[in-house]
Amino acid sequence: MFTFELIKQCSQTGARAGILHTPHGDIKTPVFMPVGTRAAVKALTPAEVEETGAQILLANTYHLYLRPGASIVKEAGGLHAFMHWGKPILTDSGGFQVFSLNALREIGEEGVTFKSHMDGSLHLFTPEKAVQIQQDLGADIIMALDECTPYPSPYDYTKTSMERTHRWAERCARAQTREDQALFGIVQGGTYPDLRRESARAIDALGLPGNAIGGLSVGEEKQTMYAMLEEVTPLLDAHKPRYLMGVGTPDCLLEGVARGVDMFDCVLQSRTARMGTALTSRGKRNMRNARFAHDFSPLDPACDCYACRNFTRAYIRHLVNMGEILGATLLTIHNIRFSVSLMEEMREAILADRFAAFREEWLAQMGYVS
RNA sequence: GUGGGUGUAGCUCAGUUGGUUAGAGCGCCAGGUUGUGGCCCUGGAGGCCGUGGGUUCGAGUCCCACUACUCACC
C-alpha cells in the first residue's frame with residue numbers, strides 16, 4: 001500500500017529525504033517526475049525514460065479522457081499496461097487543463113463544464129467524475145479536482161475559488177472506491193498568505209495520504225512563490241509527502257526542496273528540449289546558437305546521460321536546427337536526466353546534512369542569484 | 001548566329017497607370033517556454049533593384065547599349 005517514510009530532515013533548511021512506498025515500487029524523495037501527458041513522454045520510449053533514472057511519471061486525466069477515453073485504458077489493463085511503464089504513475093485530475101485550455105467553460109458548485117479542445121464537444125467534470133476516470137486509468141497517485149486560480153486574481157474570487165476547491169477535495173475523497181490509489185488534495189489560495197494558510201489547514205485536515213500545492217508558478221514572482229511555500233509547508237503533515245505542482249526550473253527545485261517540498265513535476269524539461277534548450281550545471285543553453293557549430297564537447301561535461309556520453313554539442317545543434325526528431329530525443333533525455341540527477345544529489349546532500357551548502361553552490365554555478 | 005524570356009535580400013520570388021524610408025516566404029542571428037492544445041511564439045540583421053547611359057520634377061518600374069543566365073530554331 002501507500003505510505004511515506006520520512007528518513008532525514010536538514011538541520012538548517014526545511015529539506016527532507018524520504019521514501020514513498022507505492023504498489024508499483026518505492027520512490028526516493030525528493031523526486032522530479034517527468035510529464036507524459038497523453039501516456040507518453042514526448043520523443044522518448046519508456047526504456048529511454050527509465051534510463052534517465054525517472055522513478056515515477058505523470059499522465060493527464062483531461063487528455064486521456066478525451067483521447068483515447070478512460071474505458072480504453074481500463075480495457076488495456078490500466079495505464080501501466082497500456083503504456084508499458086512498470087513503475088509508479090501519477091495522474092493529474094485535469095483541473096488545470098480545464099482552466100487553462102478552455103476559453104469556453106463554466107464553473108459551478110457541481111463542477112466545471114467545458115468544451116473539448118479536440119472537437120468542441122461539451123463535457124462536465126465533477127469531482128466524482130474526475131475520481132472515477134482516474135480510477136479507470138489506474139495510477140498509483142491520483143489528484144483531487146481543483147481550480148487553479150489564475151494570477152493575478154482578486155482576493156474575494158481567490159477565496160471563493162479556494163473554498164470550492166476544498167469542498168471538491170472532500171467530494172473526491174468520498175467518491176473514491178479503489179483502495180490501492182493514493183488521493184492527494186491540492187492547496188490553493190493564490191498569492192494571499194492568509195488564504196494559503198487557511199487552505200493548507202483545510203487540505204491537511206482531510207487526512208489524505210499526500211498534499212499538493214497548486215496555483216503557483218502561474219506568472220507571479222519567484223520570491224512570491226517561495227513566500228507562499230513558506231506559509232504552506234509548515235502547516236502540512238510532516239509525515240505525508242508534499243507535491244509542488246508544475247514547478248521544475250533547477251533553481252525552483254532547489255528552493256522548493258529547501259522549503260520542505262518532496263515532489264515536483266514540470267513540462268519545462270521536455271518542452272524546452274524539443275525547442276532546442278539544454279538545462280546544464282552551468283545554466284541553460286540554447287543549442288541553436290551559432291557558437292556551438294564547431295563545439296565538439298558534450299552538452300554538459302558533468303552529466304552522465306546517454307546524450308552527454310555519446311554526442312557533441314555541434315551534432316545536437318545540427319539535429320535541432322534541421323528539425324530531426326533525434327535532436328528532441330537527445331535533449332529530452334538530457335534535460336530529464338539532468339533534473340533527476342539534481343534531485344538525487346540533493347537527496348545525498350540532505351542525508352549527509354550538507355544541503356544548505358549544496359544549494360548555494362548549485363545556484364551560484366548555474367548562474368542564479370539566491 | 002537568329003528570335004524570345006529572365007536578371008530585386010544568402011535562396012525562391014512579389015513589386016499596381018513611374019510617386020514617401022523597396023516587400024514576402026524560407027534561410028541566417030538572438031530571445032522566450034514552469035500541474036504540455038508536440039515540432040511553437042517574439043524580435044533582429046541583411047538589398048549601388050545585373051552594368052552604363054537616356055527620358056522625367058521623380059525610374060526597381062519607360063527607352064537604348066552592354067553583360068550574364070536560359071529556352072527555341074538554324
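Given the structure is predicted, the values throughout are model-derived calculations rather than measurements. In what follows, chains are A, B, ... by sequence order, proteins preceding strands, each numbered from 1.
B:rC48 and B:rG5 have their C1' atoms separated by 26 Å, given to the nearest Å. Nucleotides B:rG58 and B:rG53 have their P atoms positioned 16 Å apart, rounded to a whole Å. Remark: the separation of the C1' atoms in B:rG18 and B:rC63 is 13 Å, to the nearest Å. Rounded to whole Å, the C1' atom of B:rA68 lies 7 Å from the corresponding atom of B:rG50. Straight-line distance between the P atoms of B:rA45 and B:rU61: roughly 27 Å, to the nearest whole Å. Distance noted for atom P between B:rU12 and B:rU70: 13 Å (whole Å). Comparing the P positions of B:rC57 and B:rU16 gives an interatomic distance of 22 Å, to the nearest angstrom. Between the C1' atoms of B:rC13 and B:rG47, the separation comes to 14 Å (whole Å).
We find that CG of A:Leu331 is positioned 13 Å from C1' of B:rC39, with the value rounded to whole Å. Residue A:Met225 contributes atom CE, which lies 12 Å from atom P of B:rG35 at whole-angstrom precision. The NZ-C1' distance, from A:Lys42 to B:rC40, rounds to 13 Å in whole Å. In this structure, A:Gln223 places its CD atom 19 Å from P of B:rU34, rounding to the nearest Å. Put simply, CE on A:Met263 is 17 Å from C1' on B:rU34, counting in whole angstrom units. Between A:Leu279 atom CG and B:rU34 atom P the separation is 13 Å, expressed in whole Å. Whole-Å rounding puts the A:Arg274 CZ to B:rC41 C1' distance at 14 Å. Here the C1' atom of nucleotide B:rG32 and the CD atom of A:Gln269 are 16 Å apart, to the nearest Å.
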Each nucleotide N or O in nucleotides 27-29 of chain B that has a protein N or O under 3.5 Å away: list the pair and distance.
from   : atom 1 : to       : atom 2 : distance (Å)
B:rC29 : OP1    : A:Arg317 : NH2    : 2.9

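Residues forming a salt bridge (charged side-chain N to carboxylate O under 4.0 Å, His left out) with A:Arg347 (at least two apart in sequence, or on another chain): none.
Between A:Arg309 and A:Glu51 there is a salt bridge, with a side-chain nitrogen of the basic residue lying less than 4.0 Å from a carboxylate oxygen of the acidic one. Salt-bridge formation is detected for the pair A:Glu344/A:Arg337: a Lys NZ or Arg NE/NH1/NH2 atom is positioned less than 4.0 Å from an Asp or Glu carboxylate oxygen. Salt-bridge annotation for A:Arg167 and A:Glu109: present, with a side-chain N of the basic residue lying under 4.0 Å from a carboxylate O of the acidic one. For the pair A:Asp251 and A:Lys222, the salt-bridge criterion is met [side-chain N within less than 4.0 Å of a carboxylate O].
Heavy atoms of A:Glu324 sit nowhere under 4.0 angstrom from any nucleic acid atom. Here A:Asp265 lies in heavy-atom contact (under 4.0 Å) with sugar-phosphate atoms only. Residue-level contact check: A:Lys222 touches the bases, meaning some heavy atom is under 4.0 Å from a base atom.
When the options A:Met225, A:Gln223, A:Arg359 are evaluated for a side chain to side chain contact (heavy atoms under 4.5 Å, CB included) with A:Glu255, the one that passes is A:Arg359.
Heavy-atom distances under 4.0 Å link RNA chain B to A:Met245, A:Gly246, A:Val247, A:Gly248, A:Thr249, A:Cys252 of residues 228-254 of chain A, given in residue order. Contacts of residues 197-218 of chain A with RNA chain B (heavy atom under 4.0 Å): A:Gly215, A:Ser217.
Within the 3.5 Å criterion, the main-chain N or O of A:Ile186 finds no donor-acceptor partner in the side chain of A:Asp146. Between the A:Thr329 side chain and the A:Ile325 main chain, a donor and an acceptor come within less than 3.5 Å of each other. Under a 3.5 Å cut-off, the side chain of A:Thr13 and the backbone N or O of A:Cys10 do not form any donor-acceptor pair.
For A:Lys284, a side-chain nitrogen or oxygen approaches OP1 or OP2 of B:rG32 to under 4.0 Å.
Using bins of under 30°, 30° to 60° and over 60° for the plane-to-plane angle, the ring pair A:Tyr315/A:His318 lands in the tilted bin.
At most 12 heavy atoms of other shown residues, nucleotides or ligands fall within 6.0 angstrom of atom NE2 in A:His84. Under a cut-off of 6.0 angstrom, the local environment of CD in A:Glu221 is sparse, with at most 12 non-hydrogen atoms contributed by other residues, nucleotides or ligands.
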Using residues 32-47 of chain A as the side-chain source, report each donor-acceptor pair under 3.5 Å to any protein atom, sequence neighbours left out, with the distance given to one decimal.
from    : atom 1 : to      : atom 2 : distance (Å)
A:Thr45 : OG1    : A:Glu48 : N      : 3.1
A:Thr45 : OG1    : A:Glu48 : OE1    : 3.4

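In this structure, A:Phe114 has its ring center under 6.0 Å from that of A:Phe125. Note: A:Tyr65 and A:His123 meet the aromatic proximity criterion, with ring centroids under 6.0 Å apart.
At a cut-off of 3.5 angstrom, the base of B:rU33 holds at least one donor-acceptor pair with the side chain of A:Thr277. A donor and an acceptor atom sit less than 3.5 Å apart, one in the side chain of A:Asp146 and one in the base of B:rG35.
Cation-pi check for A:Arg259 over A:Tyr226 is met; the charged atom lies under 6.0 angstrom from the ring centroid and within 45 degrees of its normal.
Taken together, the paired segments of RNA chain B that extend over three or more consecutive Watson-Crick or G-U pairs, each closer than 3.5 Å at both contacts, are B:1-7 with B:67-73, B:10-13 with B:23-26, B:28-32 with B:40-44, B:50-54 with B:62-66.
Comparing A:Leu58 and A:Met275, the nucleotide of RNA chain B nearest to each residue sits closer to the 5' end for A:Leu58.
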